[in-house]
J.: 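Sharing a structure, written as structure tokens. Questions coming.
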Amino acid sequence: MTDNSFAVAAIIDGLKRCLPAGYKSVGLHEPCFAGNEWKYVKDCLDTGWVSSVGKYVDLFEKKLAEYTGAKRAVAVVNGTAALHIALKLVGTERDDEVLVPALTFIATTNAITYCGAVPHFIDSEERTLGLDPHKLNDYLREIAEVRSEGCFNRKTKRRIRAVVPMHTFGHPVDLDPLAEVCVRFKLDLVEDAAESLGSFYKGCHTGNWGGLSTLSFNGNKTITTGGGGAIITNNEDLGKLAKHITTTAKVPHRWAFYHDQIGYNYRLPNINAALGCAQMEQLPDFLAKKRMLAERYFHEFTGIQGVRVFREPEFARSNYWLNTMVLDKENKMYRDVILEAANDCGIATRPAWTLMYKLPMFESCPRMDVSVAEDLEKRIINIPSSVFL
Ligand SMILES: *Cc1c(COP(=O)(O)O)cnc(C)c1O
């Protein structure tokens with residue numbers, strides 16, 4: 001006990017040394033509006049173009065596509081809606097199964113259920129904090145049957161439609177072997193890149209491996225539009241379809257209201273897109289500052305026993321959206337003591353999400369052995385990561 005109370009104090013001191021002198025309280029990830037936000041939002045108010053159409057929506061989509069290297073970006077109302085539509089467009093149907101890490105934010109799993117599909121939980125790997133493609137491969141070999149029309153779960157008889165990896169706290173999962181698994185088992189790949197705007201895998205922006213991928217611009221993300229999200233794709237037809245069904249599936253006409261299928265009112269308002277345009281201009285600067293903060297954490301924590309600050313995997317350049325302490329296995333029982341001590345002195349820290357299958361609505365969903373995710377859940381602590389720190 002004596003040893004460990006010492007370690008907790010050392011961790012809190014390490015955090016304090018990384019934060020600005022004289023702070024009162026520090027949030028986990030607060031937005032930064034240091035560019036043209038006022039100007040562009042004022043323009044929306046002055047011209048009356050605040051709502052469902054306007055030049056900032058088009059411009060924001062263009063900037064997102066350019067930055068990520070995807071052919072098309074479609075701005076939508078939030079990241080969850082983006083996931084819902086991306087899953088729908090790869091053909092997810094009622095009673096399909098969709099593979100998803102047990103260690104993720106609720107939105108990834110909820111979006112699967114919006115399609116009437118069943119989440120099927122997969123383990124993570126310590127190296128990326130994301131889905132483990134090798135373990136997934138072995139698991140599918142055991143439980144899946146590949147037929148000409150697709151992949152089926154031998155036990156439940158349901159079709160396994162897609163895999164939704166999530167780039168945890170901005171760190172890319174190992175996409176190449178995952179893409180191979182998808183080809184081998186005839187699965188669609190939909191990347192939940194909500195946390196990884198500005199993160200690259202082997203030099204290419206995340207979100208370019210799946211047929212469709214999704215981003216989020218919620219208030220706590222790397223850039224924010226207040227609330228917002230986007231679908232990105234390299235398939236022009238899917239891009240067009242994504243735009244169409246997120247804008248009520250209205251067939252363009254000067255006055256007539258004709259809709260050719262059931263669509264969704266998921267479009268991003270122009271006033272939010274205006275914020276997004278201003279934020280995109282600052283993204284390179286945000287990323288540089290976030291990397292500097294991560295370096296400061298690495299530096300301060302090298303001498304501290306029992307914990308490490310998570311570093312990007314060797315194949316990745318991460319955005320360091322949320323910096324993360326990972327406790328050594330033998331110290332995991334101190335997670336809550338550290339959380340309490342840090343929050344008591346005004347330093348926002350939080351644990352990883354509760355694993356999905358522990359939530360009442362997903363208790364009975366299929367899952368593989370998720371022992372690594374179980375272990376990580378107990379050892380992860382997110383630490384302050386705002387740009388201005
Ligand atoms: C933020 C986030 C989303 C989307 O959230 P919205 O609030 O709907 O924009 C989806 N998945 C993950 C992993 C996220 O962190």
Side-chain angles (χ1 to χ4, degrees), residues 27-31 60 64 68 73-88 92 98-115 119 121-122 124 128-131 162-173 175 178 189-199 206-207 209-210 212-232 242 246 264-269 272-273 275-276 279 290 310 318-324 348 350-356 359 362 373 376-377 380 382 385-386:
L28 207 59
H29 202 287
E30 295 169 64
F60 186 45
L64 287 171
T68 58
V74 176
V76 294
V77 74
N78 58 51
T80 313
L83 277 163
H84 176 196
I85 297 306
L87 283 163
K88 208 176 149 58
T92 308
V98 175
L99 303 163
V100 61
L103 184 65
T104 188
F105 177 56
I106 190 76
T108 329
T109 314
N110 277 341
I112 294 168
T113 65
Y114 299 164
C115 298
F121 299 115
I122 302 304
S124 301
T128 65
L129 307 179
L131 189 151
V163 190
V164 190
M166 192 276 286
H167 304 299
T168 312
F169 311 135
H171 300 294
V173 307
L175 284 162
L178 181 60
L189 178 57
V190 174
E191 286 171 70
D192 180 354
E195 303 183 352
S196 67
L197 180 67
S199 295
T206 48
W209 272 257
L212 295 137
S213 302
T214 63
L215 303 171
S216 167
F217 314 115
N218 189 34
N220 62 347
K221 296 283 158 55
T222 301
I223 68 158
T224 185
T225 58
I231 299 166
I232 60 175
T246 54
Y264 297 81
N265 180 16
Y266 278 177
R267 64 180 119 218
L268 185 71
N272 298 81
L275 269 181
Q279 292 267 289
K290 291 176 75 62
F310 192 84
S318 299
N319 62 5
Y320 286 100
W321 171 55
L322 276 191
N323 284 289
T324 305
R350 67 168 200 209
W353 311 280
T354 301
L355 297 182
M356 290 297 115
L359 304 175
F362 302 129
L376 285 173
E377 182 202 17
I380 286 172
N382 290 130
S385 301
S386 304

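As the structure lists them, so they are numbered: ligands from 1, and atoms in each ligand from 1. When reading the values below, keep in mind they use all heavy atoms of this one structure, side chains included, and skip hydrogens, waters and symmetry mates.
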J.: Nearest to atom 6 (P) of ligand 1, what protein heavy atom do you find, and at what distance?
T.: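 Heavy-atom neighbour on the protein nearest atom 6 (P) of ligand 1: Gly79 N, 3.6 Å.
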
J.: Has ligand 1 got any nitrogen or oxygen that is less than 3.5 angstrom from a nitrogen or oxygen of Trp321?
T.: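 By distance alone, the answer is no.
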
J.: Any heavy-atom pair between the side chains of His167 and Leu175 that's under 4.5 Å?
T.: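 Yes; the side chains approach each other to less than 4.5 Å.
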
J.: Can you confirm whether Tyr266 sits close enough to His84 that some side-chain heavy atom of one is under 4.5 Å from a side-chain heavy atom of the other?
T.: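 Result yes, sub-4.5 Å side-chain heavy-atom pair found.
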
J.: Can you find an N or O of Ala107 that's nearer than 3.5 Å to an N or O of ligand 1?
T.: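 The answer is no, given that Ala107 and ligand 1 share no N or O pair closer than 3.5 Å.
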
J.: Any atoms of ligand 1 less than 4.0 Å from a non-hydrogen atom of Thr80? List them with their elements.
T.: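 That gives atoms 4 (C), 5 (O), 6 (P), 8 (O) of ligand 1.
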
J.: I want to check something: taking the side chain as every heavy atom from C-beta on, are Ile232 and Leu215 in contact at a cut-off of under 4.5 Å?
T.: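 Yes, side chains in contact.
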
J.: If you define the side chain from C-beta out and look only at heavy atoms, does anything of Ile106 sit under 4.5 Å from Thr80?
T.: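 Side-chain contact under 4.5 Å: no.
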
J.: If the cut-off is 4.0 Å to any non-hydrogen atom of Gly228, which atoms of ligand 1 fall inside it?
T.: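 Matching atoms, with element in brackets: 9 (O).
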
J.: Tyr264 and Tyr114: aromatic ring centres closer than 6.0 Å?
T.: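 No: the rings miss the under 6.0 Å criterion.
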
J.: Starting from atom 3 (C) of ligand 1, find the nearest protein heavy-atom neighbour and note its residue, name and distance.
T.: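 Minimum-distance protein heavy atom for atom 3 (C) of ligand 1 reads Ala194 CB, 3.6 Å.
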
J.: Note the single closest protein heavy atom to atom 2 (C) of ligand 1, along with its residue, its atom name and the distance in Å.
T.: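 Minimum-distance protein heavy atom for atom 2 (C) of ligand 1 reads Lys221 NZ, 2.6 Å.
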
J.: In this structure, does ligand 1 have an atom that sits under 4.0 Å from one of the heavy atoms of Gly227?
T.: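 It does not; every heavy atom stays at 4.0 Å or beyond.
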
J.: Considering non-hydrogen atoms of the protein only, which is the closest contact for atom 15 (O) of ligand 1, and what is the distance?
T.: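 The protein heavy atom lying closest is Glu195 OE2, 2.5 Å.
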
J.: Fit a plane to each ring of His171 and Tyr320, take the angle between them on a 0 to 90° scale, and name the class: parallel (under 30°), tilted (30 to 60°) or perpendicular (over 60°).
T.: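 Rings of His171 and Tyr320: perpendicular, over 60°.
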
J.: Is there a donor-acceptor pair closer than 3.5 Å between any side-chain N or O of Asn272 and the backbone N or O of Thr225?
T.: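 Yes; at least one donor-acceptor contact below 3.5 Å.
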
J.: Can you name the atoms of ligand 1, numbered from 1 with element, that are less than 4.0 Å from a heavy atom of Met166?
T.: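 Close to Met166: 13 (C).
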
J.: Counting only heavy atoms, which portion of Asp192 has something under 4.0 Å from ligand 1: side chain, backbone, both, or neither?
T.: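 Near ligand 1, Asp192 shows its side chain, while the N, CA, C and O stay back.
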
J.: Is any side-chain heavy atom of Ile85 closer than 4.5 Å to a side-chain heavy atom of Val76?
T.: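 No; the side chains remain at least 4.5 Å from each other.
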
